[in-house]
Amino acid sequence: NSYADYMSLTNEASENMGYVNPYSDGNIQKWAEAEKNPNGIAENGLPNYMVYPNTDWFKEVFNTGFSQEHSLSLSGGTQKVKYLISGRYLDNKGIINKYGLDSGIRRINFRTNVEANPFKWLKIGTRIFGQRQENGLCNVDNGFKYLYLTSPGIYVGEPDKWGTAANKGEEVSNINNVIRQMYGPVGSDITYKFNGTIYGALTPLPGLSLEGTANFVPTFNNRATHSRLLIGWDYVTNKEETRSDLANATVSNSTTKSLTVNTELLARYNTDFNKSEHDLGVILGYTTSHFQSDGFSVSKKGATDWSLDQLSTYELLMSAGSSFSEWALQSYFGRVNYAFKDRYLLEANLRIDGSSRFAAGHRYGYFPSFSAGWRISEEKFMKQFDNLSNLKLRASWGQLGNNASGNYDWQALYAAVNVVMEGNPVKGLHQAKAANENLKWETTTTTNVGIDFGVFNNKLSGSFDIYDKF
């Protein structure tokens, strides 16, 4: 933390590389003497620690953080109705909280679950979750960036009087007051989230259940910021050195909202017959997912007063933009399980997935899988092995799909371009990305053969597998 040591070590490094020493012995001696009496009064009437600073930037940036969290819940019900209501409040100040910096999070959320069984064959319910979160606007990224672009020879200062380099004649020009760099705009960054689910299940016949679920997840974020006055103060001369210009003051406003809708329909059937020697299970399902997001952002420049925070009070439009994104997924699937005497096991699956990320001719993918198992330990001829608890031979083959490409990679994209027609500049469009209508589902095929074993009441167990995946 000693600026005198910092200068001495820098001089030593310069000598080793054959360069001229950047710091004079006189300034090194001044800082060393002032460091012995940091509260002493310097020539300009200010304390030595301001005029001859030895700033430990890690201690100035990071501080002990205080966090408080409170929660309250209420639950109860009857034989036919059950409910849960809860709420939670979090105020986390963060560990960057000195000099008016705010790296914290303030969050309020609530949850409500209600489930009813009005009839033996009917179950309905809902799950609701909501949250409001506000993030501090401290520029944390700048903190980590400029911790490596500073020196102990800058006094931190205070809001509206941020310290500048004390040893200006010798110090490099790119050192920074880290706290000032983190002291970003003022405003708010607030996000609202909601997650609501309704579901129901019917059991019209023994072994048969019909289930349905719908889930809605909207989110909304609004970030509104504007510049504030920043003054650089020379504590050696005890005078103002720099002042941010109102002509360069900016105001920004951005809003993003999204909605995800998921639905699921399931039919399950389980039964056994012939004195429970045969077990059969069938599942048929249909799911959909749809996501849509849009937003806009506007920035303007030039104000007449630092207190102004509305777009209409700034003069020059700097940028304006919008965004939109959408994708959808539709799936059909089925599974059949069969077991005979709990020894011979068979399973067959089929998924049909459709994605909006591919052209119409390649939108759907078909992904089957099969597996079989033989519980050898359940055979009569294995009963002679008393210590053998489990021995199972299994084999499987299956395919899985992946649609992890861009939402619009199969389509051509166009962008604006400046062109000249008949000597006049005009706006035009050009193809920024070619279409690729041959994009399709990526398929992974896996073949597996394995054996599971357990001995001494499964006190010792293990598995061996051989597989091929491509």
Could you tell me the separation between the [atom1] atom of [X] and the [atom2] atom of [Y], rounded to the nearest 0.5 Å?
X    : Y    : atom1 : atom2 : answer
N177 : L149 : CG    : CG    : 13.0 Å
I105 : K93  : CD1   : NZ    : 12.5 Å
Q399 : T445 : CD    : OG1   : 3.5 Å
E326 : Y408 : CD    : OH    : 6.0 Å
T64  : F66  : OG1   : CZ    : 12.0 Å
Y146 : N174 : OH    : CG    : 10.0 Å

Would you call the rings of F370 and W397 parallel, tilted or perpendicular, where under 30° means parallel and over 60° means perpendicular?
->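 F370 and W397: parallel rings.
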
May I ask you to decide if the ring planes of F464 and F453 are parallel, tilted or perpendicular, using 30° and 60° as cut-offs?
-> parallel

For the residue pair [X] and [Y], establish whether any side-chain heavy-atom pair is separated by less than 4.5 Å.
X    : Y    : value
Y314 : T250 : no
W410 : S405 : no
L266 : F333 : yes
I128 : F194 : yes
V156 : V178 : no
Y467 : S396 : no
T288 : T263 : yes
N139 : Q181 : no

Please determine, by modelled atom types, if [X] and [Y] share a side-chain donor-acceptor pair under 3.5 angstrom.
X    : Y    : value
S254 : S297 : no
T287 : E264 : no
N195 : N215 : yes
N176 : T150 : no
K257 : N221 : no
S325 : S293 : no
E347 : N349 : yes

Taking all non-hydrogen atoms of both residues, which atom of [X] and which atom of [Y] are closest, and how far apart?
X    : Y    : answer
W441 : G401 : CE3-C, 3.8 Å
S289 : N262 : OG-OD1, 2.8 Å
L400 : F367 : C-CD2, 3.8 Å
Y99  : P159 : O-CG, 4.0 Å
S188 : L137 : N-CD1, 3.7 Å
K301 : M318 : CB-SD, 3.3 Å

Tell me whether the count of non-hydrogen atoms from other residues, nucleotides or ligands lying under 6.0 Å of [atom1] in [X] goes above 12.
X    : atom1 : answer
K120 : NZ    : no
K145 : NZ    : no
F273 : CZ    : yes
K440 : NZ    : no
F144 : CZ    : no
L74  : CG    : yes
Q292 : CD    : yes
F324 : CZ    : yes

Is there a donor-acceptor contact under 3.5 Å from the side chain of [X] to the main chain of [Y]?
X    : Y    : answer
S103 : I96  : yes
K433 : D409 : yes
N142 : M182 : no
T242 : G232 : yes
R228 : G184 : yes
S377 : L391 : yes
N274 : E277 : no
R180 : W162 : no
N97  : G94  : yes
N253 : V298 : no

For the pair R268 and E211, find out whether any cationic side-chain nitrogen is under 4.0 Å from an anionic carboxylate oxygen.
-> yes

Does the pair D465/R394 count as a salt bridge with the N-to-O cut at 4.0 Å?
-> yes

For Y89, side chain to side chain donor-acceptor pair (under 3.5 Å) partners two or more places apart =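 Applying side chain to side chain donor-acceptor pair (under 3.5 Å) to Y89 gives none.
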
Check against side chain to side chain contact (heavy atoms under 4.5 Å, CB included), T444 and N402 | CA-CA 8 Å; T444 301; N402 180 9; 5.9 Å; no

Derivation of the side chain to side chain contact (heavy atoms under 4.5 Å, CB included) call for N390 and N458 = CA-CA 7 Å; N390 178 45; N458 288 319; 3.9 Å; yes

Pair L413-Q431, side chain to side chain contact (heavy atoms under 4.5 Å, CB included): steps then yes or no | CA-CA 6 Å; L413 295 183; Q431 186 171 316; over 6 Å; no

D189 and its salt bridge (charged side-chain N to carboxylate O under 4.0 Å, His left out) partner, picked from R132, R106, R223 =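 Of the listed options, the one satisfying the test is R223.
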
Go through the steps to decide whether Q330 and Y286 satisfy the test side chain to side chain contact (heavy atoms under 4.5 Å, CB included), and finish with yes or no.
-> CA-CA 8 Å; Q330 183 182 54; Y286 171 76; 2.8 Å; yes

